[in-house]
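For reference, positions follow the sequence shown, starting with 1. Quantities reported herein were computed from a predicted structural model and do not represent experimental measurements. As a basis for the values below, the full set of heavy atoms in this structure was taken, side chains included, without hydrogen atoms, waters or symmetry mates.
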Amino acid sequence: MKAKTGFNLRTVCGENIIVAEGKENIDFSNIISMNESSAYLWKNIQEKESFTTDDLAQLLFDEYDVDMETAKADAAQLASQWIEAGIVSE
């Protein structure tokens, strides 16, 4: 997977949201809010050439007190949500 260009994480009123920058990405009908852990993951993969759900799981495992099985399940669910939201490509 790869994070699509033009989608950047910003903190607005204490909330982490993805902001679409550039005319081709603007869609005001869909605001993407991220919790602390998904924002952490986004910051770590945004500039990478590519990443996998295993990469996301490893980041979760390394940063949070979670077992690898849970990290992999959470990473797969989040990756699916990001694909559906259109902020990453497969």
Side-chain angles (χ1 to χ4, degrees):
M1 288 174 279
K2 179 168 176 44
K4 291 185 179 178
T5 58
F7 292 98
N8 297 302
L9 182 67
R10 300 282 186 253
T11 302
V12 178
C13 297
E15 297 291 322
N16 294 309
I17 63 168
I18 294 291
V19 176
E21 297 176 355
K23 292 179 185 177
E24 67 279 357
N25 292 328
I26 294 177
D27 177 3
F28 293 107
S29 66
N30 189 16
I31 294 175
I32 302 164
S33 179
M34 293 194 173
N35 63 19
E36 178 186 332
S37 57
S38 60
Y40 165 77
L41 293 174
W42 185 261
K43 288 176 192 174
N44 279 277
I45 61 89
Q46 188 175 11
E47 300 300 323
K48 290 186 181 260
E49 189 63 34
S50 66
F51 65 93
T52 66
T53 55
D54 285 342
D55 294 330
L56 295 176
Q58 189 64 52
L59 287 165
L60 288 172
F61 181 79
D62 291 345
E63 183 69 13
Y64 297 98
D65 185 22
V66 62
D67 61 83
M68 185 55 81
E69 184 177 319
T70 300
K72 285 184 177 191
D74 290 351
Q77 182 179 14
L78 183 62
S80 176
Q81 291 171 347
W82 284 355
I83 291 166
E84 186 177 322
I87 61 174
V88 299
S89 58
E90 293 185 79

Do Phe61 and Tyr64 share a hydrophobic cluster, counting only Ile, Leu, Val, Met, Phe, Trp and Tyr and linking them when any side-chain heavy atoms are less than 4.5 Å apart?
no
If every non-hydrogen atom of Ile87 is compared with every non-hydrogen atom of Phe7, which pair is closest and at what distance?
CG2-CD2, 3.7 Å
What residues form a side-chain contact (heavy atoms from CB on, under 4.5 Å) with Asp62, not counting sequence neighbours?
Gln58
Hey, could you give me the CG/CD distance between Asp74 and Glu69, rounded to the nearest 0.5 Å?
10.5 Å
So do the side chains of Ile32 and Trp82 get within less than 4.5 Å of each other, counting heavy atoms only?
no
Answer yes or no: is there a side-chain heavy-atom contact under 4.5 Å between Met34 and Ile17?
no
Counting C-beta onward and ignoring hydrogens, is there a side-chain heavy-atom pair between Met1 and Thr53 closer than 4.5 Å?
yes
Do other residues, nucleotides or ligands put more than 12 heavy atoms under 6.0 Å from the NZ atom of Lys2?
yes
List for me each residue that meets side-chain contact (heavy atoms from CB on, under 4.5 Å) alongside Asp65, sequence neighbours excluded, and say none if there are none.
none
State the OG-CG distance between Ser38 and Leu56, to the nearest 0.5 angstrom.
10.5 Å
Looking only at side-chain N and O atoms, does Asp54 offer a donor or acceptor that is under 3.5 Å from a partner on Thr52?
no
Sequence neighbours left out, what passes side-chain hydrogen bond (donor to acceptor under 3.5 Å, both in side chains) with Thr70? Give chain and number order.
Asp67
In terms of hydrophobic clusters joined by side-chain contacts under 4.5 Å, are Ile18 and Tyr40 together?
yes
Within-4.5 Å side-chain heavy-atom neighbours: Leu41 and Leu60
yes
Can you tell if the side chain of Lys4 reaches within under 4.5 Å of the side chain of Val88, non-hydrogen atoms only?
no
Within a strict 4.5 Å, meaning less than it, do heavy atoms of the Lys43 and Leu9 side chains meet?
yes
Will you find, in the side chains of Asn8 and Gln46, an N or O donor that is under 3.5 Å from an N or O acceptor?
yes
Any idea which heavy atoms bring Ile45 and Phe51 closest together, and the distance?
CD1-CE2, 3.5 Å
Rounded to the nearest 0.5 Å, how far apart are CD of Glu63 and CG of Asn44?
8.0 Å
